[in-house]
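Here is how names work: the chains are called A, B, and so on, in the same order as the sequence lines, proteins then strands, and each is numbered from 1.
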Amino acid sequence: IYVYNVLLKTLRRAEQWEIARGVAEKMAEDGIIPDNITYSTLISFAIRCRQPEEALKWFQRMRESGCTPDAVTYSAMIDVYAKTGRMDEAADLCLRMQKDGLPRDAVAYSTMIKLHGMQGNFEEMMDVYEEMQFKKVVPNVVTFNSMISVLGNAGKTQQVMRLFHDMLSSGLKPSPVTLSLLFRTYAKARNAEEAFELYRTIKKEGWTVDTVVYNTLLSLCVQLGKIEEGELFHQELLEDKKCRPDDWTWRTMADLYVRAGRLEEGRQLASEMLQRGRTPDIPIYMSLIQGYGRKKEMKTVVELVDEMQAGKIPLD
RNA sequence: UGGACGUAG
């Protein structure tokens with residue numbers, strides 16, 4: 001069973017769902033009874049491969065086989081229901097978990113926080129956070145990130161900052177996810193100054209960043225029209241040996257130039273990508289086409305569409 | 001050996 005579970009986990013990394021199904025069938029043929037680890041691996045596997053029905057099917061099978069879900073399986077299933085918008089069923093499982101006498105750990109609480117947050121139940125979300133503290137379950141980085149995500153999206157900037165402060169004073173270091181969430185929050189609040197201040201703090205504290213953090217900051221610059229700053233941060237990304245620009249970076253930079261009305265530079269970006277052996281994708285061309293279209297430079301629009309077809313990028 | 005969080009039209 002151990003070998004099968006490891007095999008499934010390995011397949012999950014490669015997102016080979018069809019093979020995994022075969023392995024699961026072979027397990028049954030060999031008379032090996034799947035355990036909680038097998039089922040939770042299959043459930044998270046299915047969700048990662050965007051097959052929620054498969055996740056539900058395996059949970060059903062699990063119950064039929066008489067295997068009782070443990071805390072991990074419950075959390076995985078609550079997440080499945082949340083991701084498929086079946087909030088009532090998710091809440092139901094939370095209760096059932098409690099009835100089964102399974103204590104909630106930090107992951108279970110974080111999942112519940114997300115569940116309330118997705119529905120816009122901010123007070124209930126904060127209640128879960130309080131209950132968690134009352135039960136002496138220590139919130140981790142993801143717990144804070146989940147709350148920051150919800151509150152930032154809702155434009156509740158003050159609350160986000162309070163939580164970020166709580167997080168730091170409880171001795172946790174912000175992860176790259178935290179930092180990108182904070183930049184997203186500032187973008188929503190249209191507060192470029194605080195965002196730039198945060199960037200300086202990141203450098204000062206030596207917090208770890210990744211490409212997504214840079215991309216989120218660049219996106220903020222686009223949204224708030226901070227063109228020179230955007231170019232500066234892009235430069236810093238290129239000089240940062242630990243991060244590499246990805247497709248999102250190119251897209252955001254194309255947007256930056258289009259917003260600045262510097263369309264030629266946006267086009268240059270596309271050729272630069274081609275030189276580097278990368279293919280500009282549909283969103284990049286969309287920005288450029290929109291930019292030129294707005295200026296009524298239809299000749300260039302046609303050129304861009306031709307360029308897409310020459311680059312074998314199918315028009316969607 | 002299994003579960004939760006971030007950037008796009």
Side-chain angles (χ1 to χ4, degrees), chain A residues 1-13 34-48 55 58-59 62 69-83 90 93 97 102 104-115 117-118 128 139-153 160 163 167 174-185 187-188 209-223 237 243 245-256 258 281-291 316:
Chain A
I1 180 110
Y2 185 94
V3 172
Y4 270 112
N5 288 346
V6 174
L7 177 56
L8 285 173
K9 175 76 186 291
T10 311
L11 288 168
R12 196 185 75 158
R13 287 181 60 91
D35 63 3
N36 254 306
I37 296 179
T38 317
Y39 285 118
S40 57
T41 307
L42 284 166
I43 288 166
S44 70
F45 197 153
I47 256 302
R48 183 171 300 197
W58 281 101
F59 187 55
M62 173 178 180
D70 67 5
V72 173
T73 311
Y74 269 122
S75 295
M77 274 314 296
I78 292 168
D79 191 51
V80 168
Y81 283 129
K83 282 192 171 123
L93 272 195
M97 182 175 176
L102 293 170
R104 292 192 252 243
D105 61 10
V107 176
Y109 275 117
S110 304
T111 309
M112 286 178 64
I113 281 169
K114 183 179 71 168
L115 190 65
M118 285 172 77
V128 172
N140 61 24
V141 177
V142 177
T143 315
F144 281 106
N145 289 349
S146 302
M147 291 188 288
I148 289 173
S149 173
V150 165
L151 296 170
N153 221 4
V160 167
L163 281 172
M167 179 176 170
S175 71
V177 174
T178 319
L179 300 174
S180 66
L181 284 167
L182 292 175
F183 283 128
R184 195 189 71 181
T185 303
K188 186 135 198 150
V209 296
D210 64 9
T211 305
V212 178
V213 174
Y214 279 109
N215 290 349
T216 313
L217 179 54
L218 286 175
S219 170
L220 174 141
C221 292
V222 173
Q223 290 169 58
L237 165 57
C243 302
D246 62 8
D247 286 351
W248 293 71
T249 316
W250 292 100
R251 282 174 213 165
T252 313
M253 286 311 292
D255 265 338
L256 188 79
V258 169
D281 59 5
I282 290 176
I284 290 180
Y285 278 111
M286 282 195 50
S287 308
L288 293 173
I289 289 170
Q290 262 177 21
D316 69 359

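Look at CZ on R13(A): it is 11 Å from P on G3(B), rounded to the nearest Å. Protein atom CG of N145(A) is 10 Å distant from nucleotide atom C1' of A4(B), rounded to whole Å. As rounded to whole Å, 19 Å separates atom P of U7(B) from atom OH of Y214(A). As rounded to whole Å, 13 Å separates atom P of C5(B) from atom CD1 of I78(A). I43(A) places its CD1 atom 9 Å from the C1' atom of G3(B), with the value rounded to the nearest Å. Distance, I37(A) CD1 to G3(B) P: 10 Å, rounded to whole Å. Put simply, CG on L217(A) is 19 Å from P on G6(B), counting in whole angstrom units. Between M97(A) atom CE and A4(B) atom P the separation is 14 Å, expressed in whole Å.
Between the side chain of T73(A) and the base of G2(B), at least one donor-acceptor pair of N or O atoms lies under 3.5 Å. If you check distances only, the side chain of S40(A) does reach the base of G2(B) with a donor-acceptor pair under 3.5 Å. At a cut-off of 3.5 angstrom, counting only N and O atoms as typed in the model, there is a donor on one side and an acceptor on the other between the side-chain of D105(A) and the base of G3(B). Judged by atom type and distance alone, N215(A) does not reach the base of A8(B) through any side-chain donor-acceptor pair under 3.5 Å. Checked by distance alone, D70(A) brings a side-chain donor or acceptor within 3.5 Å of a matching partner on the base of G2(B). At a cut-off of 3.5 angstrom, counting only N and O atoms as typed in the model, there is no donor on one side facing an acceptor on the other between the side-chain of D281(A) and the base of G9(B).
Among the heavy atoms of the strands lying under 4.0 Å from S75(A) is at least one base atom, whether or not backbone atoms are also near. At the heavy-atom level, S110(A) lies under 4.0 Å from base atoms of the strands shown. Residue contacts shown for V107(A) include a base, since a base heavy atom lies under 4.0 Å away. Contact annotation for A82(A): no contact, since no heavy-atom pair falls under 4.0 Å across all strands. The residue S180(A) sits close to a base: some heavy atom pair falls under 4.0 Å. D316(A) comes within 4.0 angstrom of a nucleotide base, judged by non-hydrogen atoms across all strands. Base contact: N36(A) has a heavy atom under 4.0 Å from a base atom. Residue-level contact check: N153(A) touches neither bases nor backbone, having no heavy atom under 4.0 Å from any strand.
The S146(A) side chain lies nearest to C5(B) when the options are C5(B), G6(B), A8(B). Minimum atom distance to the side chain of V213(A) is reached by G6(B), of the listed G3(B), G6(B), C5(B). Listed candidates were G3(B), G6(B), G2(B). Nearest to the side chain of K9(A) is G2(B). Of the candidates G2(B), G3(B), G6(B), the closest approach to any side-chain atom of A76(A) belongs to G3(B). Closest to the side chain of S149(A), from the set G2(B), G3(B), G6(B), is G6(B). Each of U7(B), G6(B), U1(B) was ranked by its minimum atom distance to the side chain of N5(A); first place goes to U1(B). When each of A4(B), G9(B), G6(B) is scored by its nearest atom to the side-chain atoms of D79(A), the top-ranked nucleotide is A4(B). Listed nucleotides: G2(B), A8(B), C5(B). Nearest to the side chain of R12(A): G2(B). The side chain of V142(A) approaches A4(B) more closely than any other nucleotide in the set G9(B), G6(B), A4(B).
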* Asked: Going through the checks in order, is the side chain to side chain contact (heavy atoms under 4.5 Å, CB included) test met by D246(A) and N215(A)?
  -> CA-CA 9 Å; D246(A) 62 8; N215(A) 290 349; 3.0 Å; yes

* Hey, mind stepping through T216(A) and S219(A) against side-chain hydrogen bond (donor to acceptor under 3.5 Å, both in side chains) and telling me if it holds? -> CA-CA 5 Å; T216(A) 313; S219(A) 170; over 6 Å; no

* Where do K83(A) and K114(A) land on the side chain to side chain contact (heavy atoms under 4.5 Å, CB included) test, with the steps shown first? -> CA-CA 10 Å; K83(A) 282 192 171 123; K114(A) 183 179 71 168; 4.2 Å; yes

* Evaluate the side-chain hydrogen bond (donor to acceptor under 3.5 Å, both in side chains) criterion for residues S44(A) and R12(A): first the C-alpha distance (whole Å), next the side-chain angles of each, then the deciding distance (0.1 Å), finally the verdict. => CA-CA 9 Å; S44(A) 70; R12(A) 196 185 75 158; 2.6 Å; yes

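L42(A) pairs with exactly one of N5(A), I37(A), L8(A) by the side chain to side chain contact (heavy atoms under 4.5 Å, CB included) rule, that one being L8(A).
Contact check, K83(A) against C5(B): a side-chain N or O comes under 4.0 Å of OP1 or OP2. The side chain of R184(A) places an N or O atom within less than 4.0 Å of a non-bridging phosphate oxygen (OP1 or OP2) of U7(B).
Looking at S149(A), its side chain never comes within 3.5 Å of a backbone N or O of N145(A) through a donor-acceptor pair.
Minimum heavy-atom separation, G152(A) to R184(A): C-NH2, 4.5 Å.
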